[in-house]
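Each remark here refers to the structure printed beneath this line.
Just so you know, these numbers come straight off a predicted model, no measurement behind them. Numbers here are sequence positions counted from 1.
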Amino acid sequence: YVRLIHNTISSHRETLFPWSLDPNNEGGTAFITEEEALSKPAEQIVGGGVTSVTLEEILNIVETDTVIIKIDVEGSECKALREYLVNNKKMKFIPYIYMEWFQIADNSIICPDILGIIKGFQDSGYKPVGNYLANEELSLDTYKTWHDVLWVHKDAKPFQSPAPAQ
């Protein structure tokens, strides 16, 4: 089954504030620290502080051993995934992690160690795939140009095209 977990996520528990350049685009809301929020115009802070959770905390409440992740945290993917990727003892099998890559690809402020994140994925047994139905692996040399990426674990079952409707 699918479980939507609607929570801010970070590398550790902290209070984060919703920040948006366009209050009409809820999907574009990022969560920033109080220090960062104080440096933004008040109208761009679109709500009160909320306490973030870690990926490990989320995985602890999932009742299956296999989890597929689609993560969209407006540039906080590095903070959200780093601890999972560097931890050699994984609590769940995650065959696929789908994410927007363009937010972090060439942004040293949001993700100061993008090459470390890529290495974490590789060391954890993942490869970056662009066209997942064709299992088309992306070249690591072009990581700054990737848009959306499906990280596929080496032990993941391959995708199959859906059967045509009868």
Side-chain angles (χ1 to χ4, degrees), residues 5-22 25-40 44-45 50-59 62 66-156 158-159:
I5 299 175
H6 202 93
N7 214 140
T8 59
I9 185 170
S10 189
S11 57
H12 59 282
R13 282 188 166 260
E14 62 184 330
T15 301
L16 298 172
F17 293 81
W19 169 64
S20 180
L21 290 173
D22 180 0
N25 178 13
E26 287 183 18
T29 302
F31 284 82
I32 59 177
T33 64
E34 183 173 14
E35 179 182 341
E36 292 169 312
L38 291 172
S39 72
K40 305 290 184 190
Q44 292 179 358
I45 305 305
V50 295
T51 302
S52 67
V53 297
T54 66
L55 179 58
E56 288 75 16
E57 289 174 304
I58 292 172
L59 293 175
V62 176
T66 301
V67 178
I68 296 172
I69 294 177
K70 193 279 187 195
I71 188 168
D72 183 357
V73 289
E74 296 304 305
S76 293
E77 288 81 0
C78 292
K79 287 175 75 173
L81 295 170
R82 180 179 315 283
E83 291 304 312
Y84 172 80
L85 294 173
V86 300
N87 185 347
N88 291 329
K89 187 177 178 190
K90 309 285 194 244
M91 60 178 20
K92 305 281 185 179
F93 175 54
I94 304 176
Y96 308 103
I97 300 174
Y98 184 79
M99 61 188 291
E100 290 180 336
W101 188 261
F102 71 94
Q103 298 259 15
I104 63 172
D106 197 20
N107 189 328
S108 62
I109 294 170
I110 290 176
C111 189
D113 187 22
I114 189 71
L115 296 177
I117 292 294
I118 292 171
K119 182 175 181 345
F121 273 112
Q122 290 178 300
D123 290 350
S124 295
Y126 291 91
K127 67 178 181 180
V129 172
N131 180 345
Y132 58 87
L133 290 177
N135 200 23
E136 181 181 287
E137 188 168 351
L138 296 169
S139 168
L140 294 175
D141 295 335
T142 63
Y143 76 89
K144 289 184 179 184
T145 66
W146 301 346
H147 191 270
D148 294 333
V149 176
L150 178 67
W151 289 94
V152 179
H153 193 271
K154 62 182 175 53
D155 297 329
F159 274 108

If we only count heavy atoms from C-beta on, is the [X] to [Y] side-chain gap below 4.5 Å?
X: Ile94; Y: Trp151; result: no
X: Phe31; Y: Ser52; result: no
X: Asp72; Y: Met99; result: no
X: Leu140; Y: Phe121; result: no
X: Thr15; Y: Glu34; result: no
X: Pro95; Y: Ile68; result: yes

Within this structure, what is the [atom1]-[atom2] distance for the pair [X] and [Y], rounded to the nearest 0.5 Å?
X: Tyr84; Y: Ile97; atom1: OH; atom2: CD1; result: 5.5 Å
X: Thr145; Y: Leu138; atom1: OG1; atom2: CG; result: 8.0 Å
X: Ile104; Y: Asp113; atom1: CD1; atom2: CG; result: 11.0 Å
X: His147; Y: Trp101; atom1: NE2; atom2: CH2; result: 13.5 Å
X: Leu150; Y: Lys127; atom1: CG; atom2: NZ; result: 10.0 Å
X: Thr33; Y: Leu38; atom1: OG1; atom2: CG; result: 8.5 Å

State, to 0.1 Å, how close [X] and [Y] come at their nearest heavy-atom pair, and which atoms those are.
X: Arg13; Y: Thr54; value: N-CG2, 4.4 Å
X: Thr142; Y: Ser139; value: OG1-O, 2.9 Å
X: Phe93; Y: Ala156; value: CZ-N, 4.1 Å
X: Ser124; Y: Lys90; value: OG-NZ, 3.2 Å
X: Leu16; Y: Ser10; value: CD1-CB, 4.4 Å
X: Glu56; Y: Met91; value: O-SD, 3.8 Å

Can a donor-acceptor pair be found, under 3.5 Å and without considering hydrogens, that links the side chain of [X] to the backbone of [Y]?
X: Thr29; Y: Ser20; answer: no
X: Trp146; Y: Ala105; answer: no
X: Lys92; Y: Val62; answer: yes

task: Go through the steps for Leu55 and Glu83 under the test side chain to side chain contact (heavy atoms under 4.5 Å, CB included), then give the verdict.
output: CA-CA 8 Å; Leu55 179 58; Glu83 291 304 312; over 6 Å; no
message: Per the disulfide (SG to SG under 2.5 Å) rule, what does the pair list look like for residues 70-100, sequence neighbours excluded?
response: Cys78-Cys111
- request: Go through the structure and list residues passing salt bridge (charged side-chain N to carboxylate O under 4.0 Å, His left out) with Lys119, not counting sequence neighbours.
  value: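 In terms of salt bridge (charged side-chain N to carboxylate O under 4.0 Å, His left out), with neighbours along the sequence ignored, Lys119 is linked to Asp123.
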- prompt: Can Val149 and Tyr143 be said to form a side chain to side chain contact (heavy atoms under 4.5 Å, CB included), step by step?
  reply: CA-CA 10 Å; Val149 176; Tyr143 76 89; over 6 Å; no
query: Does the side chain to side chain contact (heavy atoms under 4.5 Å, CB included) test come out yes or no for Ile117 and Glu77, once each step is laid out?
result: CA-CA 10 Å; Ile117 292 294; Glu77 288 81 0; over 6 Å; no
